[in-house]
Amino acid sequence: MTKQPERPNRPVLSLHVPEPSARPGDEVDFSHVAIPPAGSVPRPDPHAPAAETHPLATTLVRVLDDAGRAVGPWDPKLDADTLRRMLRDMMLVRVYDDRMYRAQRQGKTSFYMKSTGEEAVAVAAAHALDRDDMCFPTYRQQGLLVARDYPLVEMMCQIYSNRRDKLKGRQLPVMYSDRAHGFFSISGNLATQVPQAVGWAMASAIKGDSRIAAAWIGDGSTAEGDFHAACTFAGVYRAPAVINVVNNQWAISSFSGIAGGELTTFAARAVGYGIAGLRVDGNDALAVYAATRWAADRARANHGPTLIEMFTYRVEGHSTSDDPSVYRPKEAGAKWPLGDPVERLRLHLVALGEWDEARHEQLAAEIADEVRTAQREAEKHGTLVSSTIDFPQDVRTMFDDVYAELPWHLREQQAQMVAELEAKRK
Amino acid sequence: MSVMNMIQALNSAHDVMMARDDNVVVLGEDVGYFGGVFRVTEGLQKKYGRARTFDAPISEGGIVAAAIGMAAYGLRPVAEIQFADYIYPGFDQIVSEAGRMRYRTAGEWYLPMVIRTPYGGGIFGGQTHSQSPEALFAHVAGLKTVIPSNPYDAKGLLIAAIEDDDPVLFFEPKRIYNGPFDGFFDRPVTPWAKHPKAEVPDDYYTVPLGKAAVVREGADLTVLAYGTMVHVALATAEANGIDAEVIDLRTIVPVDIETIEQSVRKTGRCVVVHEATRTGGFGAELAALVQERCFYHLEAPVQRATGFDTPYPHSLEWAYFPGPIRLGTAMQKALED
């Protein structure tokens with residue numbers, strides 16, 4: 001480094017750069033992950049001052065124990081039908097992810113992102129929220145759409161950017177949007193949706209509405225200024241918002257330590273903003289449900305926002321463009337100490353006597369069939385690659401929706417493009 | 001000499017400069033152990049240590065601001081913004097701080113820093129992985145903006161940018177990282193290995209900032225291009241049998257006005273091409289410069305071939321891209337009058 005003036009009595013500084021506990025070739029090491037027993041964390045009253053939640057920001061709210069029993073004050077005591085529905089939704093998300101991932105590998109679309117291991121974060125939250133609460137997701141909460149019964153065919157048509165894609169092929173696959181299902185448009189730019197969710201929540205308060213907003217953001221993206229703007233606005237205006245930090249430990253190749261995760265928890269960000277904060281086992285569907293419901297109740301009672309860290313693990317690569325075996329041990333996902341959210345919920349239903357192997361297999365077969373059928377239907381409307389030259393959409397639609405009305409220069413450009421395509425066909 | 005693609009050449013530029021000058025440090029999202037999502041910084045952390053090549057939090061504002069602080073200290077930071085589409089959270093730091101530091105302190109502080117970023121479409125990246133925002137930065141006083149079009153230039157320009165004492169925006173056309181894509185998207189791309197500009201010296205050399213290259217001499221008209229569009233321009237001239245003089249600007253600010261003037265005075269006709277949106281694009285600046293300085297040599301109005309004024313559409317990307325037909329039409333128009 002640059003030669004410094006001699007200061008013999010001062011210690012020499014050095015730069016600290018965080019490193020994950022294991023790289024490819026190393027033994028997987030999750031010994032730094034502290035896991036309190038299920039049921040051991042107290043549940044404050046949702047109307048309590050925010051400070052009462054702050055001890056919960058550095059522990060882990062867990063409901064399901066190793067035997068699949070729901071224990072402790074956070075047990076949401078859901079009926080078996082709801083539990084089975086949540087299990088079904090999570091299984092469906094996983095099968096859907098697998099099919100779409102494979103479709104990308106088969107060249108039917110350009111890109112895909114799976115949510116393997118994080119299904120509970122979206123699905124259980126969707127069940128805990130009201131159907132008309134507004135969600136501001138990232139690209140890994142496809143479970144919200146599934147849990148809200150958004151048609152699989154519609155989802156797939158977006159993945160394929162095909163003729164029936166309601167977004168007219170404009171968005172990268174997985175960047176869904178559906179107003180009717182309370183699912184805000186996904187941006188490829190990170191963290192932008194969180195302060196927008198707070199603004200939506202503020203509007204709901206301004207209008208004396210009763211709906212709340214929920215936002216999701218990854219651990220890595222909490223470094224963006226937008227996240228901090230969101231927490232500030234949410235706290236200042238006591239916005240009825242639930243801000244979920246999905247800590248899946250990885251932002252492409254950067255482990256959560258690069259976002260400050262070694263210094264404290266992401267839930268502990270709430271302390272600095274003076275808002276409620278909870279840290280939750282994100283692979284425990286009941287804990288996710290309970291915490292989301294707690295935060296939603298709090299928001300509906302005008303007590304303001306809650307920051308929830310959903311502690312989970314990104315089992316697969318960031319996207320189809322990523323190969324995680326380059327930067328972390330291959331078997332890391334399988335060794336995550338908080339297990340598989342689907343398997344844990346299944347075990348719970350079995351422990352309750354509400355589920356068995358035969359029913360599970362039957363459900364798995366039904367889901368596989370449902371996804372296959374939807375895929376066949378979606379592919380009737382084209383796939384991205386089969387339609388690269390003969391464009392899937394009417395190409396003139398490229399100029400729609402830039403503005404409410406088409407100004408002269410776009411009209412000219414539209415005519416120019418049509419002429420070009422005619423020239424190309426000759 | 002080695003045969004390198006753009007990625008390898010850029011990697012080599014980092015390597016050469018980090019070995020020569022221990023003030024050169026590299027930061028950005030995923031640039032450390034992983035070596036960057038496009039692998040431009042691969043191996044640098046291993047070779048030069050974590051204190052000189054390190055992952056940054058996902059905060060482009062933080063990355064740029066930290067680079068400013070490091071440059072103020074006396075380092076020569078090279079910051080990677082993972083996609084140009086992600087640069088906007090850093091915009092205030094670039095525009096209000098980096099661009100003005102020398103001026104507002106009358107030279108007391110200056111910022112020898114480079115912000116590298118992959119830009120442009122053609123990879124089905126949708127609207128957040130395809131943009132060409134170079135004009136936003138070209139519009140800002142105090143910034144230099146550099147855009148290479150081949151491995152040889154990429155390495156030489158990046159070394160020159162790192163050695164430059166002012167902030168440099170270094171836009172890397174990601175569509176040509178692996179081969180000189182010529183705009184014919186339905187044909188296979190030839191790899192760089194078959195291109196003469198893939199012969200890259202292993203050691204130090206520079207390609208000066210602010211100097212364009214005449215990549216094809218011609219008499220019919222002048223095409224002003226940079227990045228991917230240089231290759232599209234060459235292929236379009238070829239396909240249409242036009243004897244075009246193709247100028248690779250390489251640096252858009254400060255632009256090499258002498259080379260432009262010389263060429264347009266010779267040919268009397270000019271087409272400007274860029275992938276970025278048309279309105280307020282850098283092509284407008286080039287057209288203005290040409291008419292201000294070469295008006296009485298012009299035989300026809302200056303034509304622009306550009307991206308359309310819409311966000312970059314995912315599935316309609318090849319209808320959007322200013323390929324050989326759009327550029328060819330612009331060339332024909334410039335030749336008609």
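Here is the naming used below: chain letters follow the sequence lines, and residue numbers restart at 1 for every chain.
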*Step by step, work out the side-chain contact (heavy atoms from CB on, under 4.5 Å) result for R39(B) and V326(A).*
CA-CA 11 Å; R39(B) 323 316 306 274; V326(A) 177; 3.9 Å; yes
_side-chain contact (heavy atoms from CB on, under 4.5 Å) evaluation trace for V37(B) with H318(A)_ = CA-CA 11 Å; V37(B) 297; H318(A) 168 73; over 6 Å; no
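Atom OG of S315(B) and atom CG of L167(A) lie 10.5 Å apart (nearest 0.5 Å). F38(B) contributes atom CZ, which lies 8.0 Å from atom OG of S321(A) (distance to the nearest 0.5 angstrom). We find the OG-CD distance between S187(A) and Q127(B) to be 8.0 Å, quoted to the nearest 0.5 Å. The structure places NE2 of H16(A) at 8.0 Å from CZ of R50(B), a figure rounded to the nearest 0.5 Å. Going from atom CD of Q413(A) over to atom OG1 of T306(B) covers 6.0 Å, rounded to the nearest 0.5 Å. In this structure, L421(A) CG and I325(B) CD1 are separated by 7.5 Å, a value rounded to the nearest 0.5 Å.
Of the two parts of E19(A), only the side chain, counted from C-beta on, holds a non-hydrogen atom closer than 4.5 Å to a non-hydrogen atom of chain B. Interface residue Q82(B): only side-chain heavy atoms are found under 4.5 Å from chain A. Of the two parts of Y320(B), the backbone and the side chain both hold a non-hydrogen atom closer than 4.5 Å to a non-hydrogen atom of chain A. When heavy atoms are compared at a cutoff of 4.5 Å, P24(A) approaches chain B by way of both its backbone and its side chain. For chain B, the nearby part of L190(A) is the side chain; its heavy atoms alone come within less than 4.5 Å. Contacts between D165(A) and chain B at a heavy-atom distance below 4.5 Å are absent for every atom of the residue. Only the side chain of L410(A) comes within contact range of chain B, judged by heavy atoms closer than 4.5 Å. Heavy atoms of V402(A) lying under 4.5 Å from chain B belong exclusively to its side chain.
Looking only at distances, no side-chain donor or acceptor of N189(A) sits under 3.5 Å from a matching main-chain atom of T128(B).
Put simply, of Q416(A), R23(A), H409(A), the one with the most heavy-atom pairs under 4.5 Å next to chain B is R23(A). In terms of heavy-atom pairs under 4.5 Å with chain B, the best-connected choice from M398(A), M175(A), M417(A), K168(A) is M398(A). Between chain B and the residues A419(A), G218(A), G257(A), P173(A), the largest count of heavy-atom pairs under 4.5 Å involves P173(A).
Taking the centre of each ring, Y327(A) and Y33(B) stay at or above the 6.0 Å mark.
Taking 4.5 Å as the limit, some side-chain heavy atom of F399(A) sits within range of a side-chain heavy atom of F308(B). Looking only at side-chain heavy atoms (C-beta outward), F34(B) and D322(A) come within less than 4.5 Å of each other.
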